[in-house]
Amino acid sequence: MFLATNRENFPAIRIPEIKERLENADDSLFTMVTSTEFKKPDTMFIISILLGELGIDRFMLNDSGMGILKLLTAGCCGVLWIIDIINIKKMTMEYNYKKFNEMIMTIV
């Protein structure tokens, strides 16, 4: 059920691993994972287009260093902004996968 609603939030190559971990998870981990709000790649794409030049997209992915750099340099005159627009969906999925792994490590 979790993967049916959140499949688009994770890299496709990681789905079998996530499925296996959830099948072997105890109730506390499953409850924690299902109650966690993961970032939506499509929403982050729109945010990156509209506010990415100010680094808001990077701040939302907990990448403060790049967020500050983009904020102070207007996305390095637009270069980093364009690169992030192209890569934001992949970065968001990797962020969600990392967040999922961190939850598993805190329980195990």
Linking I/L/V/M/F/W/Y whenever any side-chain heavy atoms sit under 4.5 Å apart, do [X] and [Y] land together?
X	Y	result
I13	L3	no
L22	Y97	yes
V33	I15	yes
I49	I83	no
L51	I85	yes

inquiry  = As a quick check of understanding, evaluate side-chain contact (heavy atoms from CB on, under 4.5 Å) for L69 and R58, giving each step before the final call.
reply    = CA-CA 10 Å; L69 177 68; R58 290 294 188 132; over 6 Å; no
task = State whether the number of non-hydrogen atoms from other residues, nucleotides or ligands found under 6.0 Å of N24 atom CG is greater than 12.
result = yes
inquiry  = Show, in sequence, the C-alpha distance, side-chain angles and deciding distance for E17 and R21, and conclude whether the salt bridge (Lys or Arg N to Asp or Glu O under 4.0 Å) test is met.
reply    = CA-CA 6 Å; E17 180 184 342; R21 287 186 175 183; 3.3 Å; yes
How long is the straight-line distance from [atom2] of [Y] back to [atom1] of [X], given to the nearest 0.5 Å?
X	Y	atom1	atom2	answer
T43	D57	OG1	CG	13.0 Å
I82	E53	CD1	CD	8.5 Å
L61	M44	CG	CE	4.0 Å
N87	T92	CG	OG1	10.5 Å
M60	I47	CE	CD1	3.5 Å
L71	S64	CG	OG	11.5 Å

Shortest non-hydrogen separation from [X] to [Y] and the atoms involved:
X	Y	result
Y95	N62	OH-ND2, 3.3 Å
N9	F38	ND2-CB, 4.0 Å
M91	D84	CE-OD1, 3.7 Å
F45	I88	CA-CG2, 3.6 Å
K39	N96	O-ND2, 2.7 Å
P11	E94	CG-OE2, 3.3 Å

ask   = In terms of the angle between their ring planes, are F10 and F100 parallel, tilted or perpendicular, with boundaries placed at 30° and 60°?
value = perpendicular
request  = Go through F2 and F30 one step at a time and tell me if the ring-ring contact (aromatic ring centres under 6.0 Å, His included) criterion holds.
outcome  = CA-CA 9 Å; F2 171 77; F30 188 75; 7.2 Å; no
message = I'd like to know whether N6 forms a side-chain contact (heavy atoms from CB on, under 4.5 Å) with K40, so could you lay out the CA-CA distance, the side-chain angles of the two residues, the decisive distance to 0.1 Å, and finally the verdict.
response = CA-CA 9 Å; N6 290 295; K40 305 282 185 210; 4.2 Å; yes
ask   = K70 and side-chain contact (heavy atoms from CB on, under 4.5 Å): which partner among V79, L80, I56?
value = L80
query = Would a 4.5 Å heavy-atom cut-off, applied to side chains only, mark M93 and R14 as touching?
reply = no
